[in-house]
Engineer: 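Take a look at the following structure, please.
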Amino acid sequence: MNAPVPTPTAPLDAPTVSVTLLGRDHAGVTARLFEVVAPYDVEVIDVEQIVLRGRLVLAVLLTEPADREAFERSVADVASELDMDHDVSYGQGDNRGRRRGRSHVTVLGAPLLPSQFSAVTAQIAAAGGNIDRIVRMARYPVTAIDLDVSGAAPEALRRALALEAARQGVDVAVQPLGIHQHAQRLVVMDVDSTLIQGEVIEMIAAYAGCEKEVAEVTAAAMRGELDFADSLRERVALLEGVDVSVLGAVYESIQLAPGARTMIRTLKRLGYRFALVSGGFTQIIDTLAADLGIDYWAANTLEVRDGRLTGRVAGPVIDRAGKAAALRRFAEQAGITVANTVAIGDGANDLDMLAEAGLGIAFNAKPAVRDAADASLSVPYLDAIVFLLGITREEIEAADAEVAETDPQPGDGAR
């Protein structure tokens with residue numbers, strides 16, 4: 001015989017009482033408060049607790065006790081016993097229902113100043129939003145603060161906060177709250193100036209004596225001033241005659257973006273898949289993907305003949321449209337909806353990919369890319385992206401400690 005399913009006895013609009021304790025944190029505060037209120041035949045409706053530099057705030061919502069006076073004396077006595085301040089207030093029903101238009105807002109700064117946080121939160125209020133909850137995600141390599149906001153349409157909130165973030169010199173990301181946030185995701189990354197520092201084609205060009213000319217064309221292409229495919233062919237033509245052994249030397253000189261390994265290992269532990277979609281070259285990307293445990297990748301291929309570069313690209317060019325197509329293809333292969341993809345890039349040829357993804361992140365990007373992306377990060381630490389996905393720095397460190405992995409520095413720039 002099945003046991004009866006317990007249900008709350010108090011109606012949703014029943015009279016309630018909130019009890020708040022504030023003071024020095026020490027063991028047993030929560031247990032002691034609930035021990036004291038237990039004899040009053042009340043139900044627990046809600047509990048919130050935070051500890052900030054040794055100071056505890058404990059807030060409890062209960063159904064109203066029959067004997068208010070005795071209840072209040074008991075709460076006052078336990079607060080005195082614990083050497084804490086207390087507050088008791090009466091009302092009706094549960095917390096106010098969350099209003100429509102729920103968003104997850106992340107504010108990042110290095111440092112994050114009170115004036116900046118004030119300006120961002122004022123914009124939330126001006127947009128009709130209410131901050132329901134605030135929690136810190138990280139103290140380093142950046143300060144990252146998460147806010148759950150209701151009452152403002154996510155798209156309107158994103159536009160307002162993007163402008164304020166630019167004025168204040170901080171990063172702000174806005175994502176709609178929903179169950180999809182807990183789904184497995186596919187992270188698709190650009191490579192040059194995103195996953196790695198610098199541009200591979202310029203590193204190769206240094207051996208050919210044409211680094212300056214290639215860099216100028218690269219910069220114009222990333223700003224969107226030149227067609228990417230045409231600019232790639234123009235730059236590759238300058239590499240004609242370079243010995244193929246140079247590619248190995250270039251790979252050995254590559255430096256990952258700070259925090260790259262931290263981001264990848266942390267998210268892979270959670271079942272995330274990773275893909276690289278690059279306007280660079282398979283001769284470099286194949287090895288890089290194997291080194292980092294990447295699941296999928298696509299890049300251009302330098303044509304080689306008799307041990308030297310011919311100055312041509314073999315096969316179709318992976319351009320702006322090609323990157324977006326690769327994102328869709330990899331999502332299908334991974335069995336993950338496009339809505340649960342995260343794309344990260346910095347240049348104009350990443351725009352279609354960023355727009356296609358469920359969450360498009362501009363990482364140290366050109367202005368046109370920052371304006372078009374869902375979120376923008378201007379800090380140099382790639383692992384800051386995990387804070388946008390709801391993972392705290394403390395959780396990263398705890399997971400690393402379990403397998404005896406440690407970061408050589410806060411941003412984890414080591415390869």
Side-chain angles (χ1 to χ4, degrees), residues 187-219 221-222 228-229 231-265 268 274-319 322-323 326 330 344-347 349-350 363-364 380 382 408-409 411-415:
V187 180
V188 183
M189 291 186 287
D190 176 41
V191 176
D192 291 357
S193 298
T194 300
L195 176 62
I196 69 171
Q197 301 179 56
E199 301 280 330
V200 165
I201 195 167
E202 293 174 16
M203 300 176 196
I204 302 172
Y207 286 89
C210 56
E211 183 177 9
K212 182 179 178 182
E213 297 95 311
V214 167
E216 289 174 352
V217 177
T218 298
M222 292 303 99
F228 180 80
S231 73
L232 180 67
R233 294 188 182 96
E234 179 183 343
R235 286 173 287 165
V236 169
L238 297 171
L239 306 180
E240 183 180 1
V242 171
D243 193 285
V244 74
S245 64
V246 162
L247 300 179
V250 166
Y251 182 78
E252 290 304 316
S253 70
I254 286 175
Q255 292 294 315
L256 294 179
R261 286 193 184 276
T262 298
M263 178 190 69
I264 293 169
R265 72 169 178 263
K268 284 185 76 70
F274 276 86
L276 304 181
V277 181
S278 176
F281 310 111
T282 56
Q283 286 92 340
I284 299 294
I285 304 303
D286 289 356
T287 307
L288 184 62
D291 179 24
L292 294 174
I294 302 299
D295 301 286
Y296 315 98
W297 61 94
N300 299 301
T301 299
L302 292 168
E303 186 181 78
V304 177
R305 185 171 299 164
D306 298 327
R308 294 187 177 275
L309 303 186
T310 66
R312 293 187 294 272
V313 177
V317 170
I318 303 293
D319 57 6
K323 285 191 169 189
F330 294 148
I344 309 166
D346 75 306
N349 65 325
D350 298 315
F363 182 70
N364 293 312
L382 200 55
Q409 58 184 16
D412 187 16
R415 292 190 60 239

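Note that the structure is a prediction, hence the values are computed from the model and not measured. Index from 1, following the sequence. Atoms considered below: every heavy atom in the structure, side chains included; atoms not considered: hydrogens, waters and symmetry mates.
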Engineer: Give, for atom CG of L239 and atom CD1 of I204, the distance between the pair rounded to the nearest 0.5 Å.
Structural biologist: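 Here the interatomic distance stands at 6.0 Å.
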Engineer: Is there a donor-acceptor pair under 3.5 Å between the side chain of T194 and the backbone N or O of V191?
Structural biologist: no
Engineer: Does the side chain of L232 come within less than 4.5 Å of V217's, by heavy atoms?
Structural biologist: no
Engineer: Taking the side chain as every heavy atom from C-beta outward, state whether M189 and F363 have any pair of such atoms under 4.5 Å apart.
Structural biologist: no
Engineer: Answer whether the closest heavy-atom distance between the side chains of V188 and V277 falls below 4.5 Å.
Structural biologist: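 Counting from C-beta outward, V188 and V277 do come under 4.5 Å.
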Engineer: Minimum heavy-atom separation for I318 and F228, please, with both atom names.
Structural biologist: O-CE2, 3.4 Å
Engineer: Evaluate side chain to side chain contact (heavy atoms under 4.5 Å, CB included) for L288 paired with L195, printing each intermediate quantity in order.
Structural biologist: CA-CA 10 Å; L288 184 62; L195 176 62; 3.8 Å; yes
Engineer: From L256 CG over to D291 CG, what is the distance, rounded to the nearest 0.5 angstrom?
Structural biologist: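 The CG atom of L256 sits 7.5 Å away from the CG atom of D291.
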Engineer: So do R235 and C210 actually touch side chain to side chain, heavy atoms under 4.5 Å?
Structural biologist: no
Engineer: Any side-chain donor paired with an acceptor under 3.5 Å for E199 and S193?
Structural biologist: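 Yes, a side-chain donor-acceptor pair sits under 3.5 Å.
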Engineer: Is R312 close to R305 at the side-chain level, that is, under 4.5 Å between some pair of heavy atoms?
Structural biologist: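 Side-chain contact under 4.5 Å: yes.
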Engineer: Got I196 and Q255 here, is their nearest side-chain heavy-atom distance under 4.5 Å?
Structural biologist: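 Of all side-chain heavy-atom pairs linking Q255 with I196, none is under 4.5 Å.
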Engineer: Nearest 0.5 Å, what's the CG-OG distance between D190 and S278?
Structural biologist: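 Those atoms lie 6.0 Å apart.
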Engineer: If you look at every heavy atom in A299 and T282, which pair is closest and at what distance?
Structural biologist: O-CG2, 3.6 Å
Engineer: Would you call L309 and V236 a side-chain contact if the rule is heavy atoms closer than 4.5 Å?
Structural biologist: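 No, side chains not in contact.
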Engineer: Roughly how far, to the nearest 0.5 Å, is the CZ atom of F281 from the OG1 atom of T301?
Structural biologist: 9.5 Å
Engineer: Kindly indicate whether the side chain of L382, heavy atoms from C-beta on, has any atom under 4.5 Å from the side chain of I264.
Structural biologist: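 With C-beta onward as the side chain, the pair stays apart.
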Engineer: Mind listing the closest non-hydrogen atom pair of D295 and F274 along with its distance?
Structural biologist: OD2-N, 2.8 Å
Engineer: Between E240 and T310, does the side chain to side chain contact (heavy atoms under 4.5 Å, CB included) criterion hold? Intermediate values first, please.
Structural biologist: CA-CA 5 Å; E240 183 180 1; T310 66; 5.7 Å; no
Engineer: What is the distance from atom CD of E211 to atom CG of L238, rounded to the nearest 0.5 Å?
Structural biologist: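 These two atoms lie 12.5 Å from each other.
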Engineer: Can a donor-acceptor pair be found, under 3.5 Å and without considering hydrogens, that links the side chain of K268 to the backbone of G293?
Structural biologist: yes
Engineer: Between N349 (side chain only) and D319 (backbone N and O only), is there a donor and an acceptor less than 3.5 Å apart?
Structural biologist: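 No, the answer is negative, given that no donor and acceptor are paired below the 3.5 Å cut-off.
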Engineer: Determine whether I344 and D350 satisfy the following criterion, side chain to side chain contact (heavy atoms under 4.5 Å, CB included), listing intermediate values before the conclusion.
Structural biologist: CA-CA 8 Å; I344 309 166; D350 298 315; over 6 Å; no
Engineer: Using a 3.5 Å distance criterion without hydrogens, assess whether the side chain of Q283 forms a donor-acceptor pair with backbone atoms of L302.
Structural biologist: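 Yes: the side chain of Q283 pairs with the backbone of L302.
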Engineer: Determine, step by step, whether V313 and E303 satisfy the side chain to side chain contact (heavy atoms under 4.5 Å, CB included) criterion, reporting the C-alpha distance in whole Å, the side-chain angles of both residues, the deciding distance to 0.1 Å, and the verdict.
Structural biologist: CA-CA 5 Å; V313 177; E303 186 181 78; over 6 Å; no
